Protein chains: 2
Amino acid sequence: METVSSARKAGRPREAVLNRERIIDAAFAVLEVAGPDGFTMKGLAERLSVKPPALYNYFRNKNDVIKAMRGRLASRIDLASFEAAPWCEAVVPWARSYRSVFARHPESIALLATMPVSGQEDSVLNYEVISRSLQEGGWPLEEIVPVIVALESFIIGSALDAIAPDNIMDPADYSPQVPLFAAAGLAQAAVVTAGGVRPADLAFELGLGALVAGLRARLVS
Amino acid sequence: METVSSARKAGRPREAVLNRERIIDAAFAVLEVAGPDGFTMKGLAERLSVKPPALYNYFRNKNDVIKAMRGRLASRIDLASFEAAPWCEAVVPWARSYRSVFARHPESIALLATMPVSGQEDSVLNYEVISRSLQEGGWPLEEIVPVIVALESFIIGSALDAIAPDNIMDPADYSPQVPLFAAAGLAQAAVVTAGGVRPADLAFELGLGALVAGLRARLVS
DNA sequence: ACCTGAACACCGTTCAAGT
DNA sequence: ACCTGAACACCGTTCAAGT
């Protein structure tokens with residue numbers, strides 16, 4: 001009589017159960033349901049029907065898993081606009097794609113965006129494409145990196161803002177002490193409900209437009 | 001014969017050893033030397049010559065400690081410029097102060113900036129001051145919150161960038177594959193060494209100037 | 001080579017016991 | 001009221017043992 005749920009016994013399986021791709025897929029799934037605090041090697045192993053030590057055959061440690069997750073996200077960012085339009089138009093869809101890739105996995109940002117990028121990753125290749133677009137647009141060589149970093153800072157900060165609850169700026173019981181800010185919040189809420197967008201989207205689009213316009217103005221002057 | 005290091009015995013001390021202020025002071029000290037991963041309740045207790053459970057008389061849990069730390073930082077941000085100059089001038093020193101408060105405790109950002117702000121904190125009062133300055137500058141009520149959020153997104157993102165190692169954008173061995181990006185990095189490095197600043201500072205100042213200029217342009221048009 | 005099982009040194013938090 | 005001591009349920013990681 002066979003048991004139905006035949007747990008794997010110790011010992012090498014005839015054919016490997018795991019690989020890096022499968023583990024990263026599962027990692028995003030676990031992160032999505034468990035959140036950053038609940039993202040554990042045990043939970044990851046369980047979703048793969050495996051014991052935690054098995055993961056260490058493919059990744060050196062948990063940080064190594066997270067690094068691979070970020071690499072996956074970076075490869076999803078859409079750079080196509082830089083091939084089709086000048087930088088000041090191209091950065092807008094790129095920035096939206098960048099932010100939305102993270103917004104697709106809201107729980108990822110705290111975990112992924114704040115871990116220092118150690119050395120080289122595939123994402124470096126993306127920067128070459130952007131650099132070329134900026135150079136063709138007339139940017140001096142020494143300002144190309146600062147421009148990219150400034151844009152990314154805004155995007156990452158906006159992504160962090162997007163993961164916060166919508167009412168993060170709600171003064172709540174403090175309203176009497178901050179009347180103008182409370183009124184501004186209500187006025188924004190009216191726009192938000194009318195437009196069917198999130199408050200974070202409003203701030204992102206406004207800031208992105210201003211940042212690009214300001215960069216353009218600096219370039220022509 | 002008395003032992004020199006007389007450890008405290010169990011039982012209530014004649015006069016309380018701890019208070020919230022002392023604990024928060026110690027928390028920043030521990031965070032600074034131990035980093036975000038090494039920031040533990042045990043480490044915090046040790047620095048206060050106390051056992052971990054004692055902390056729970058003053059804070060409900062570790063997150064509560066972190067929230068108090070952020071409140072402390074928020075109170076250090078300098079808002080004085082908003083009383084003395086129009087918004088487009090005032091935001092610059094405010095943004096620098098905001099970012100430098102976090103830069104003073106580089107290890108804090110990952111821990112503090114990414115934890116969602118739950119409900120009300122003292123920082124809400126700051127927003128009233130900024131809102132008033134924006135309104136006096138002619139901003140429509142419904143755009144005041146988005147403007148503040150866009151600025152904060154850029155500042156927080158820049159603070160995150162500032163904690164990363166200076167060579168975070170260094171293509172290193174990838175240089176042959178990304179020649180223009182590598183050259184741009186070298187050109188930036190020359191400016192950085194000549195000016196005696198960090199690469200992150202360059203990007204922050206460039207982005208801040210552009211963002212403010214872009215916001216101004218939107219307002220007058 | 002690639003998995004399990006057992007073990008180690010942690011962690012945050014709870015709670016009774018002591019003064 | 002405010003501390004310690006002991007305990008609980010975790011965590012990441014290592015490593016021998018099994019196939």
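No experiment lies behind these values; they were computed from the predicted model shown. In what follows, chains carry the letters A, B, and so on, assigned in the order in which the sequence lines appear, proteins first and then strands, with residues in each chain numbered from 1.
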Identify, between P53(A) and M41(B), the residue whose nearest nucleotide on DNA chain C lies closer to the 5' end.
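With P53(A) and M41(B) compared, the 5'-side residue is P53(A).
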
Between T40(B) and A10(A), which residue's closest nucleotide on DNA chain C lies nearer the 5′ terminus?
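On the 5' side of the pair lies A10(A).
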
Select base, sugar-phosphate, or nothing to describe what F59(B) touches, counting heavy atoms under 4.0 Å on all strands.
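F59(B): no heavy atom of the nucleic acid under 4.0 Å.
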
Classify A16(A) by what it touches in the nucleic acid, base, sugar-phosphate, or nothing, heavy-atom distance under 4.0 Å.
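Since only primed, P, OP1 and OP2 atoms lie under 4.0 Å of A16(A), the category is sugar-phosphate.
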
Please list, in 5' to 3' order, the outermost nucleotides of DNA chain C lying under 4.0 Å from any heavy atom of chain A.
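So the outermost contacting nucleotides come out as dA1(C) to dA6(C).
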
Distance-only donor-acceptor hits, side chain of residues 15-29 of chain A, under 3.5 Å, sequence neighbours excluded:
residue : atom : partner : partner atom : Å
N19(A)  : OD1  : E21(A)  : N            : 3.1
N19(A)  : OD1  : R22(A)  : N            : 2.8
R20(A)  : NH1  : Y58(A)  : O            : 3.0
E21(A)  : OE1  : R72(A)  : NH2          : 2.9
R22(A)  : NH1  : V17(A)  : O            : 2.7
D25(A)  : OD1  : R72(A)  : NH1          : 2.9
D25(A)  : OD1  : R72(A)  : NH2          : 3.1

With sequence neighbours left out, which residue pairs that include part of residues 35-52 of chain A fulfil the side chain to side chain donor-acceptor pair (under 3.5 Å) condition?
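Every side chain to side chain donor-acceptor pair (under 3.5 Å) pair that includes a residue of residues 35-52 of chain A, provided the two are not neighbours, is K42(A)-E46(A).
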
Kindly say whether G157(A) contributes a backbone atom to a donor-acceptor pair with the side chain of D161(A) at under 3.5 angstrom?
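Flag not set: sc D161(A) to bb G157(A) has no pair under 3.5 Å.
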
Answer whether the closest heavy-atom distance between the side chains of V129(A) and N126(A) falls below 4.5 Å.
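The answer is no, as the side chains (C-beta and beyond) never meet within the 4.5 Å cut-off.
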
Do M69(A) and F39(A) have side-chain heavy atoms sitting under 4.5 Å apart?
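Counting from C-beta outward, M69(A) and F39(A) do come under 4.5 Å.
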
Run through DNA chain D and report every stem of 3 or more consecutive Watson-Crick or G-U pairs, distances under 3.5 Å, ordered by first number.
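Stem list for DNA chain D: C:4-8 with D:12-16, C:12-16 with D:4-8.
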
Using the rule given for ring pair (Phe, Tyr, Trp, His ring centres under 6.0 Å), can you reason through F154(A) versus F154(B), listing the C-alpha separation, both sets of side-chain angles and the distance that settles it, and then say yes or no?
CA-CA 4 Å; F154(A) 175 71; F154(B) 175 71; 7.2 Å; no

The criterion is ring-ring contact (aromatic ring centres under 6.0 Å, His included); which residues satisfy it with Y98(A), sequence neighbours excluded?
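Once residues adjacent in sequence are excluded, the partners of Y98(A) under the ring-ring contact (aromatic ring centres under 6.0 Å, His included) criterion are W94(A), F102(A).
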
Would you give me the side-chain donor-acceptor pairs under 3.5 Å for residues 199-212 of chain A, sequence neighbours excluded?
residue : atom : partner : partner atom : Å
D201(A) : OD1  : R99(A)  : NH2          : 2.9
D201(A) : OD2  : R198(A) : N            : 3.2
E205(A) : OE1  : R96(A)  : NE           : 3.4
E205(A) : OE1  : R96(A)  : NH2          : 3.0
E205(A) : OE2  : R96(A)  : NE           : 2.8

